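Heads up: the structure comes next, in structure tokens.
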Amino acid sequence: MTRAGREGSTGLRYGWTTGACATAATTAAYTALLTGEFPDPVSIELPNEKRPSFALATELLADGTATVGVVKDAGDDPDVTHGALVSARVTPGEPGTGVTFRAGEGVGTVTKPGLPLAVGEPAINPMPRQFIREHVAAVAARHGGTGDVVVEISVEHGEELARRTWNPRLGILGGLSILGTTGVVVPYSCSSWIDSIRRGIDVARAAGHRHVAGCTGSTSERVVSELHGLPEDALLDMGDFAGAVLKYLRRHPVPRLTVAGGIGKLAKLADGHLDLHSGRSQVSTESLAAMVRSAGGAPDLVDGVRAANTALDALQQCQAAGLPLGDLVAAGARDTALGVLRGAPVEVDVVVIDRGGTVVGQA
């Protein structure tokens with residue numbers, strides 16, 4: 001795959017989505033099916049006047065079938081599918097059927113409602129399907145084809161890679177999803193994680209769950225499961241993106257939300273931060289000290305919390321003094337959450353844990 005340099009003010013190199021790779025592979029395969037020749041590299045048209053070219057990693061033309069594989073380049077984004085071989089196998093379809101999609105090896109199948117695809121469909125998202133249909137039509141027009149084809153998309157080792165994604169929890173089984181709305185992977189945009197949060201809420205709502213939990217990690221998930229007995233598809237792997245959970249629930253409410261996480265991340269939420277990543281927000285010991293002061297903490301405890309190295313250090317000082325800093329942080333985080341929800345019909349409770357998974361605060 002070729003692409004000029006680095007893009008954007010960050011200097012980081014952009015990449016291409018699995019949907020763009022699948023479109024490129026399909027375009028090359030269908031061209032070979034009609035002409036006997038594989039275009040290499042193959043170019044595709046994407047929104048915003050982008051026209052990337054992809055080198056063909058594999059190609060096979062035999063028995064009325066053409067198969068092409070391209071290697072996904074995610075640029076400088078830490079994408080789980082970077083370097084994966086995305087393949088398209090194209091065969092003639094029945095007259096008048098247009099493009100029929102199938103899930104090959106490593107591509108999942110939808111098994112739960114709530115996603116933008118029907119149960120039983122290959123996990124090839126709507127926008128990649130649109131890209132593929134448009135490119136099939138263009139190849140057909142250029143080379144005298146009908147555009148009636150069966151397109152089977154595969155991802156090498158996709159089932160194994162999918163275990164590192166939300167797919168199993170969303171009910172996408174057997175492999176990865178073919179994703180992308182623009183075809184472009186923006187480095188460190190975290191758009192795929194946020195999209196997974198939204199799809200997780202959609203699936204929970206479709207399943208009829210009236211209580212979901214946004215958790216910052218696996219330990220908080222375990223604690224919430226033990227506290228409330230929530231099923232796996234009601235647990236949202238929120239990570240650092242508290243704002244994504246709250247803003248989507250504001251538009252698509254569920255009656256009850258539990259927010260659960262460590263004292264450090266939830267101290268940031270209590271301080272009004274919606275992105276809890278250590279590189280984008282910091283724990284304010286000044287804010288923690290103000291909480292302690294408002295709760296009647298002694299001046300030396302206030303000073304100690306202000307000088308604390310971490311939120312956990314502040315918590316331990318307060319525990320020794322008998323002051324419930326965890327409850328104060330939980331209350332502050334709940335206030336922030338309710339502010340973002342703006343009156344949406346969502347009851348909120350907050351669970352704060354320490355590193356060992358012990359509950360140290362609730363609101």
Side-chain angles (χ1 to χ4, degrees), residues 211-217 219-228 230 236 238-247 249-250 255-363:
H211 183 183
V212 298
C215 306
T216 60
T219 302
S220 53
E221 280 195 355
R222 175 180 58 78
V223 170
V224 167
S225 294
E226 292 171 356
L227 282 174
H228 299 300
L230 294 177
L236 308 171
M238 178 175 75
D240 295 312
F241 303 108
V245 171
L246 295 166
K247 291 172 186 176
L249 283 174
R250 185 172 69 210
R256 184 177 176 189
L257 167 68
T258 297
V259 176
I263 182 75
K265 290 190 183 295
L266 294 192
K268 290 191 269 188
L269 183 60
D271 205 26
H273 296 287
L274 301 181
D275 183 340
L276 311 181
H277 190 278
S278 59
R280 298 185 288 270
S281 60
Q282 301 298 320
V283 172
S284 169
T285 54
E286 187 63 50
S287 295
L288 293 176
M291 289 183 187
V292 172
R293 185 187 308 110
S294 297
D300 60 340
L301 180 59
V302 173
D303 292 341
V305 167
R306 183 181 292 111
N309 293 322
T310 63
L312 185 60
D313 178 13
L315 174 68
Q316 290 169 342
Q317 291 185 47
C318 290
Q319 286 175 326
L323 190 143
L325 181 61
D327 289 341
L328 300 177
V329 166
R334 182 175 182 272
D335 287 344
T336 297
L338 291 172
V340 176
L341 288 167
R342 297 181 190 170
V346 181
E347 293 184 5
V348 179
D349 65 276
V350 176
V351 178
V352 181
I353 61 173
D354 64 14
R355 287 178 181 168
T358 299
V359 175
V360 296
Q362 291 183 275

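Computed from a prediction, not measured in an experiment: that's the story for all the values here. Every heavy atom of this structure was used, including side-chain atoms; hydrogens, water molecules and symmetry mates were not.
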Checking [X] side chain against [Y] main chain: does a donor-acceptor pair fall under 3.5 Å?
X    : Y    : result
D271 : A267 : no
D327 : Q362 : yes
K268 : L276 : yes

Is it the case that more than 12 heavy atoms not belonging to E226 sit under 6.0 Å from its CD atom? yes

Does the side-chain contact (heavy atoms from CB on, under 4.5 Å) test come out yes or no for L269 and V259, once each step is laid out? CA-CA 10 Å; L269 183 60; V259 176; 4.1 Å; yes

Side-chain heavy-atom pair [X], [Y] within 4.5 angstrom cut-off:
X    : Y    : value
V305 : C318 : yes
H211 : L230 : yes
I353 : V360 : no
L227 : V351 : yes
V283 : I263 : no
D354 : Q316 : no

Check the pair L274 / T336 against side-chain contact (heavy atoms from CB on, under 4.5 Å), numbers first and verdict last. CA-CA 9 Å; L274 301 181; T336 297; 4.0 Å; yes

So how far is it from [X] [atom1] to [Y] [atom2], rounded to the nearest 0.5 Å?
X    : Y    : atom1 : atom2 : answer
H277 : K265 : NE2   : NZ    : 7.0 Å
D240 : T216 : CG    : OG1   : 8.0 Å
S287 : L328 : OG    : CG    : 12.5 Å
R222 : C215 : CZ    : SG    : 11.5 Å

To check you understand the geometry: which heavy-atom pair defines the closest contact between D313 and A308, and what is its length? OD2-CA, 3.4 Å

Any Lys/Arg nitrogen of D303 or R306 sitting under 4.0 Å from an Asp/Glu carboxylate oxygen of the other? yes

Please lay out, stage by stage, how R256 and V212 fare under the test side-chain contact (heavy atoms from CB on, under 4.5 Å). CA-CA 6 Å; R256 184 177 176 189; V212 298; over 6 Å; no

Do T258 and D349 meet the criterion of a side-chain donor-acceptor pair at a distance under 3.5 Å? yes

Does the pair E347 and L257 meet the rule for a side-chain contact (heavy atoms from CB on, under 4.5 Å), with working shown? CA-CA 6 Å; E347 293 184 5; L257 167 68; over 6 Å; no

